[in-house]
Amino acid sequence: MFTPDPAQPRGGRHRRRPDDSEVTQIIGVEDVLAAAGANTTTSPPRRHTVGRDRPSPWSKPRDRVIAVVIAVVVVAVGVVVWAGSESRATVSETTTPGPALPAAPGAVPAQLSELWQAPSGATTVPIAAGNAVVTASGGELDGRDPITGQVRWRYSRDLTLCTAAEGWSRAVALYRQDGVNGESGCSEVIALDPDTGHRKAQRTGSAQLGTGLVTDGTYVTASGPTLLNTWRDDLVETAEYGQVPALINPGKQPRTGCTYGSVAMASSRVGVIERCPGDPGDRLTVFRAAPKESDSPQVVFSVLLPGVTGRLVAMSGDYTAVAVADQKQLVLFGPEGSEVSAYPLDLPATDLAQDPPNAIPVTSSTAANVYWYTGSKLMAFSRDKLTPLWTLSSALGPGVTFDNQLVVPITGGLAVLNEQDGSTIRTIGVDRHGYTGPVRLSAIGPVLLEQRGETLAALR
């Protein structure tokens with residue numbers, strides 16, 4: 001009897017067993033149910049041929065056209081976004097810190113010569129910080145060598161500068177652009193390192209047109225006709241006071257519909273003269289620069305003034321000085337808003353006929369005193385309680401400490417004064433090339449800076 005070979009399949013066909021190399025190319029699918037003992041039919045293993053190319057999903061001509069169109073659209077959108085972006089409209093040329101300045105002399109020299117001039121129409125007071133002087137004009141900020149006036153760094157935008165000032169030993173500038181409410185304002189604020197031009201902080205806010213900048217050294221406040229904005233050194237807004245745009249939480253502002261006449265700062269507090277509907281006179285309000293919530297002002301005190309011609313003069317520590325033209329008085333208020341004292345004011349009516357430019361009083365301070373330029377005179381106050389000390393009639397602006405002495409701009413030059421009694425130590429002639437208007441001073445090392453209208457001049 002013929003006995004079939006068990007190695008041979010039925011039907012007489014010989015099937016060669018695959019060798020090991022072929023076995024490795026057979027990918028089996030484990031039958032979990034069968035492995036568990038279920039009575040199922042085992043499916044044959046699936047085969048995958050190694051090395052066989054799959055057809056490209058973009059092999060058709062139509063697909064290639066679609067890919068090209070997508071790429072073109074992406075590039076076009078990128079170009080449009082870049083063209084309209086801030087980066088496209090900004091020029092930032094930075095540098096390394098400049099050399100140390102020569103030491104300042106022990107006393108003001110007997111003569112001062114002009115070193116250089118530059119346009120700086122966006123500043124009201126010269127910006128002098130670090131080892132640089134910063135000028136601001138049009139849409140450009142320039143960091144200059146104090147001795148030569150050479151531009152060492154430049155920051156420029158296709159926007160117009162509203163104002164620029166020194167804050168936190170930096171150059172702080174506001175650019176004109178539409179704010180969050182869609183109205184024109186000074187909504188772009190930036191802080192630059194004065195030595196290098198590197199950007200330290202930048203924000204978009206809601207500062208209004210006609211703004212000025214005032215600082216107490218810790219915070220900076222932007223004045224506006226109906227809104228005050230206060231920032232800390234990273235330009236995070238710590239307080240909003242007044243007519244807040246795009247208001248989310250109504251009812252948090254203490255008064256609405258008010259306009260503001262003058263603004264000052266001291267000791268993390270902001271003072272403002274308000275003119276509000278229904279009030280019989282001007283109102284002095286002092287609030288904290290950094291309340292618990294930025295949109296919820298924390299008012300320290302708010303008092304009505306006699307008459308409607310109040311001018312905030314200065315703040316120092318917990319004290320606030322206000323000139324009341326109707327009464328021809330300088331009134332001092334204490335920490336809680338109580339009237340401490342009042343002094344007669346002998347000023348021309350024109351000095352107090354209008355609010356100060358950009359609502360910022362024309363003042364300066366030294367380690368000893370606070371100085372207020374009224375428009376025709378210079379008044380000195382003690383720094384601790386703002387007690388009036390003396391008055392100078394021929395001044396063109398407030399004074400600064402330069403070479404360890406008080407220097408005040410006067411007609412035809414400068415006066416070196418004794419801070420205690422205002423007596424003149426000596427005068428120095430300065431050729432201002434026909435300019436006769438107000439002068440604001442700053443000092444950096446051995447260089448004295450004069451802001452003459454829209455021009456900045458350096459003297460040594």
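Atoms considered below: every heavy atom in the structure, side chains included; atoms not considered: hydrogens, waters and symmetry mates.
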- [ ] Apply side chain to side chain contact (heavy atoms under 4.5 Å, CB included) to the pair F301 and T285, showing each step before the final yes or no.
- [x] CA-CA 6 Å; F301 67 84; T285 300; over 6 Å; no
Open item on the list: Applying side-chain hydrogen bond (donor to acceptor under 3.5 Å, both in side chains) to S382 and N369, what does each step give before you reach the verdict?
Closed with: CA-CA 5 Å; S382 65; N369 296 340; over 6 Å; no
Open item on the list: Does E450 form a salt bridge (charged side-chain N to carboxylate O under 4.0 Å, His left out) with R432? I'd like the steps, not just the answer.
Closed with: CA-CA 10 Å; E450 287 195 347; R432 297 192 175 108; 2.9 Å; yes
Open item on the list: Apply side chain to side chain contact (heavy atoms under 4.5 Å, CB included) to residues I190 and V172 and explain how you reach the verdict.
Closed with: CA-CA 6 Å; I190 189 168; V172 181; over 6 Å; no
Task: Evaluation steps, side chain to side chain contact (heavy atoms under 4.5 Å, CB included), between R452 and Y435 - done: CA-CA 7 Å; R452 306 169 186 166; Y435 177 80; 3.6 Å; yes
- [ ] Check step by step if salt bridge (charged side-chain N to carboxylate O under 4.0 Å, His left out) holds for E454 and R440.
- [x] CA-CA 11 Å; E454 296 188 353; R440 300 297 300 270; over 6 Å; no
TODO: Determine, step by step, whether L115 and T148 satisfy the side chain to side chain contact (heavy atoms under 4.5 Å, CB included) criterion, reporting the C-alpha distance in whole Å, the side-chain angles of both residues, the deciding distance to 0.1 Å, and the verdict.
DONE: CA-CA 7 Å; L115 299 175; T148 66; over 6 Å; no
TODO: Applying side-chain hydrogen bond (donor to acceptor under 3.5 Å, both in side chains), run through T124 and Q451 and close with a yes or a no.
DONE: CA-CA 7 Å; T124 56; Q451 181 87 37; over 6 Å; no
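Residues V400 and S442 are not in side-chain contact: their nearest non-hydrogen atoms beyond the backbone lie 4.5 Å or more apart. Looking at H198 and L192, their side chains never come closer than 4.5 Å, going by heavy atoms from C-beta outward. For the pair T123 and T163, the minimum side-chain heavy-atom distance is 4.5 Å or more. Contact check for V416 versus L406: no side-chain heavy atoms found under the 4.5 Å cut-off. Put simply, the side chain of E93 does not reach to within 4.5 Å of the side chain of W153, judged on heavy atoms. Contact of the P254 side chain with the S302 side chain is not registered, since no non-hydrogen atoms from C-beta on lie closer than 4.5 Å. Counting heavy atoms from C-beta on, the side chains of D403 and P109 come closer than 4.5 Å. No side-chain heavy atom of S294 sits less than 4.5 Å from a side-chain heavy atom of T238.
Nearest heavy-atom pair across V408 and L417 is CG2-CD1, 3.6 Å. The shortest non-hydrogen separation linking D233 to R170 is O-NH1, 2.8 Å. The two atoms that bring L305 and G310 nearest to each other are CD1-CA, 4.2 Å, heavy atoms only. In this structure, P194 and V134 approach most closely via the heavy-atom pair CB-CG2, 4.2 Å. Closest heavy-atom contact between L449 and P126: CB-CB, 3.8 Å. Of all heavy-atom pairs spanning L174 and C186, the tightest one is CD2-O, 3.4 Å.
Salt bridge annotation for D282-R275: present, with a cationic side-chain nitrogen under 4.0 angstrom from a carboxylate oxygen. Between R311 and D355, at least one side-chain N (NZ, or NE/NH1/NH2) sits under 4.0 Å from a carboxylate O, which counts as a salt bridge.
Between the side chains of T230 and E237, no donor-acceptor pair of N or O atoms lies under 3.5 Å. Side-chain N/O atoms of T135 and R144 include a donor and acceptor closer than 3.5 Å. Side-chain contact, Y371 with E419: a donor N or O sits under 3.5 Å from an acceptor N or O. For the residue pair S206 and N229, a side-chain donor N or O sits within less than 3.5 Å of a side-chain acceptor on the partner. Between T256 and Q243, the side chains place no donor N or O within less than 3.5 Å of an acceptor N or O (distance only, hydrogens not considered).
Geometrically, R157 engages Y175 in a cation-pi contact defined by less than 6.0 Å to the ring centre and at most 45° from the axis.
Under a 3.5 Å cut-off, the side chain of W168 and the backbone N or O of V220 do not form any donor-acceptor pair. Checking side-chain atoms of S394 against main-chain N and O of I410 turns up no donor-acceptor pair under 3.5 Å. Using modelled atom types, no side-chain atom of D234 and backbone atom of A201 make a donor-acceptor pair closer than 3.5 Å. One N or O on the side chain of N418 and one on the backbone of Q420 form a donor-acceptor pair closer than 3.5 Å. Panel note: side chain S267, backbone R269; no donor-acceptor pair is recorded below 3.5 Å. A donor-acceptor pair under 3.5 Å links the side-chain atoms of S223 to the main chain of G212, judged by distance alone. In terms of modelled atom types and a separation under 3.5 Å, the side chain of S262 and the main chain of L312 share a donor-acceptor contact. Proximity of a side-chain donor or acceptor of T401 to a complementary backbone N or O of Q405 within less than 3.5 Å is not detected. The closest donor-acceptor contact from the side chain of R152 to the backbone of T96 lies under 3.5 Å. Between the side chain of T218 and the backbone N or O of S268, no donor-acceptor pair lies under 3.5 Å.
Listed by chain and number, the residues in a side chain to side chain contact (heavy atoms under 4.5 Å, CB included) with A266 are M315 (sequence neighbours excluded). Among residues two or more places apart in sequence or in another chain, the side chain to side chain donor-acceptor pair (under 3.5 Å) test is passed with Q298 by none. Listed by chain and residue number, K252, E293 satisfy the side chain to side chain contact (heavy atoms under 4.5 Å, CB included) test with S296 (two or more places apart in sequence, or in another chain). A search for side chain to side chain contact (heavy atoms under 4.5 Å, CB included) contacts involving Q253 returns Y241, V244, P297, not counting sequence neighbours.
Among the candidates V286, V272, V270, the single residue satisfying the side chain to side chain contact (heavy atoms under 4.5 Å, CB included) test with M265 is V270.
In this structure, CZ in F381 is found 7.0 Å from CG in L386, a value given to the nearest 0.5 Å. Atom CH2 of W372 sits about 9.5 Å away from atom OG1 of T391, to the nearest 0.5 Å. Of the inter-residue distances, the one linking E140 atom CD with L159 atom CG reads 13.5 Å to the nearest 0.5 angstrom. Rounding to the nearest 0.5 Å places CG of L330 at 10.0 Å from OG1 of T387.
E274 CD: more than 12 foreign heavy atoms inside a 6.0 Å radius. The 12-atom threshold is exceeded at NZ of K377, counting heavy atoms of other residues, nucleotides or ligands nearer than 6.0 Å. The number of heavy atoms from other shown groups lying within 6.0 Å of CD (Q354) does not exceed 12.
The side-chain hydrogen bond (donor to acceptor under 3.5 Å, both in side chains) pairs that include a residue from residues 314-328 are T309-D326, where partners are two or more places apart or lie in different chains.
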Identify every side-chain donor-acceptor pair in residues 340-348 under 3.5 Å, counting partners at least two apart or on other chains, and give the distances.
none

